[in-house]
Amino acid sequence: MHSFGHRLNGLLTFSVTILAIMCAIASLSDNLNTPSPTADIKIMNINWFQKQPQGNDEVSLTMNISADLQSLFTWNTKQLFIFVAAEYETPKNSLNQVSLWDAIIPAKEHAKFWIHTSNKYRFVDQGNNLRGKKFNLTLHWHVMPKTGKMFADKIVMAGYSFPEEYR
């Protein structure tokens, strides 16, 4: 007959195997979800647009951010990390991204929101490339599951431009 140690080892091995299979099924079930998030960002005011003493452009914006990200939540979603980034081109770089605002959404009940805010982080361009420049505001999100791989996506809102002169 098997000893107590052998029986305990067999039971633990079986339990861990079942747990691993359940985690894999949970992770694969997220592929069945087809989310349809919506978002809109309106620039209400350019608070200031100035050239710093070092020669860099700095901008402060006031924005209205509204989004419905509830469809991103499944029973396997732990939380969402979201952020708004300004994206633009300069002669040196084909893509510049500056994070303006971010948040963590812990539950589906908080995933439909409207917020009036200024940029949380400084919007500074290395150089004086922003006058009259067109840019996009992009809402990025990262879905953090309880088990399985994390995935990310975004909604791009185009058609914004900086003033021609500093204020």
Side-chain angles (χ1 to χ4, degrees), residues 1-44 47 58-90 92-126 134-160:
M1 205 68 193
H2 293 292
S3 69
F4 176 74
H6 282 100
R7 290 179 183 176
L8 183 63
N9 183 29
L11 180 64
L12 287 175
T13 301
F14 178 71
S15 299
V16 169
T17 302
I18 294 300
L19 182 63
I21 290 170
M22 289 175 60
C23 287
I25 290 170
S27 178
L28 291 173
S29 73
D30 278 344
N31 293 331
L32 302 175
N33 185 33
T34 53
S36 56
T38 59
D40 185 42
I41 303 172
K42 290 187 176 27
I43 296 179
M44 304 310 291
N47 303 326
E58 182 176 8
V59 183
S60 173
L61 307 169
T62 300
M63 305 171 282
N64 282 345
I65 304 169
S66 62
D68 183 357
L69 306 176
Q70 290 179 328
S71 64
L72 295 171
F73 276 85
T74 65
W75 65 276
N76 188 35
T77 304
K78 181 178 180 183
Q79 65 185 13
L80 294 179
F81 173 71
I82 62 172
F83 67 98
V84 174
E87 299 177 344
Y88 58 95
E89 292 181 12
T90 58
K92 272 187 166 180
N93 301 307
S94 61
L95 177 63
N96 294 277
Q97 291 181 313
V98 179
S99 182
L100 302 177
W101 175 85
D102 65 10
I104 294 174
I105 301 176
K108 186 175 186 174
E109 297 79 41
H110 306 288
K112 189 172 185 175
F113 63 91
W114 177 88
I115 186 170
H116 178 79
T117 185
S118 291
N119 46 307
K120 192 174 178 179
Y121 305 106
R122 294 180 60 191
F123 186 169
V124 178
D125 178 61
Q126 296 177 345
K134 292 189 180 306
F135 67 99
N136 298 331
L137 290 177
T138 305
L139 179 71
H140 295 263
W141 61 83
H142 296 265
V143 178
M144 298 173 187
K146 293 174 185 163
T147 183
K149 69 175 186 154
M150 195 168 77
F151 76 91
D153 207 350
K154 63 186 175 182
I155 296 176
V156 178
M157 287 147 272
Y160 303 98

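Here the structure is a predicted model, which is why all the values come from computation and not from measurement.
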Verdict with reasoning, Ile65 to Thr117, per side-chain contact (heavy atoms from CB on, under 4.5 Å): CA-CA 8 Å; Ile65 304 169; Thr117 185; 4.0 Å; yes

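Between Leu12 atom CG and Leu19 atom CG the span is 12.0 Å, to the nearest 0.5 Å. Atom CG of Leu61 sits about 8.0 Å away from atom OG of Ser118, to the nearest 0.5 Å. Note that the CG atom of Leu11 and the NE2 atom of His6 stand 14.5 Å from one another [nearest 0.5 Å]. Annotation: the span from Ile115 atom CD1 to Ser66 atom OG amounts to 11.5 Å, rounded to 0.5 Å. Taken to the nearest 0.5 Å, the NZ atom of Lys42 stands 13.5 Å off from the NE2 atom of His116. Taking OG1 of Thr62 as the start and CE of Met44 as the end, the distance is 9.0 Å to the nearest 0.5 Å.
Between Phe135 and Ala86, the closest heavy-atom pair is CD1-CB, 4.3 Å. Smallest separation of non-hydrogen atoms from Met150 and Pro145: CA-CD, 3.8 Å. When every heavy atom of Ser71 is checked against every heavy atom of Asn33, the shortest pair comes out as O-ND2, 3.2 Å. When all heavy atoms of Val84 and Leu139 are compared, the pair lying nearest together is CG2-CD1, 3.8 Å. Contact detail for Asn76 and Thr147: the closest heavy-atom pair is ND2-O, 2.9 Å. Here the closest non-hydrogen pair linking Val98 and Arg122 is CG1-O, 3.9 Å.
Residue Tyr88 is tested with Asp125, Asn96, Asn93 for a side-chain hydrogen bond (donor to acceptor under 3.5 Å, both in side chains); the sole match is Asp125. Screening Thr74, Leu80, Ile105 for a side chain to side chain contact (heavy atoms under 4.5 Å, CB included) involving Val143 leaves a single residue, Leu80.
You'll find the side chain of Trp114 stays beyond 4.5 Å of the side chain of Asp68, heavy atoms only. No side-chain heavy atom of Asp153 sits under 4.5 Å from any side-chain heavy atom of His140. Annotation: side chain of Leu137 is in contact with side chain of Leu100 (closest heavy-atom distance under 4.5 Å). In this structure the side chain of Thr138 never reaches within 4.5 angstrom of the side chain of Ile155, judged on heavy atoms. The side-chain heavy atoms of Leu72 and Pro37, taken from C-beta on, include a pair separated by under 4.5 Å.
A 6.0 Å sphere centred on CE of Met144 holds more than 12 heavy atoms belonging to other residues, nucleotides or ligands. Heavy-atom neighbours of Lys146 NZ from other residues, nucleotides or ligands within 6.0 Å: above the threshold of 12. In the displayed structure, Gln97 atom CD is contacted under 6.0 Å by more than 12 heavy atoms of other residues, nucleotides or ligands.
Between Phe83 and Phe81, the two ring planes are tilted [angle within 30° to 60°].
Side-chain N/O atoms of Glu89 and Ser94 include no donor and acceptor closer than 3.5 Å.
Residue pairs meeting the salt bridge (Lys or Arg N to Asp or Glu O under 4.0 Å) criterion with at least one partner in residues 93-111, sequence neighbours excluded, are Asp102-Lys120.
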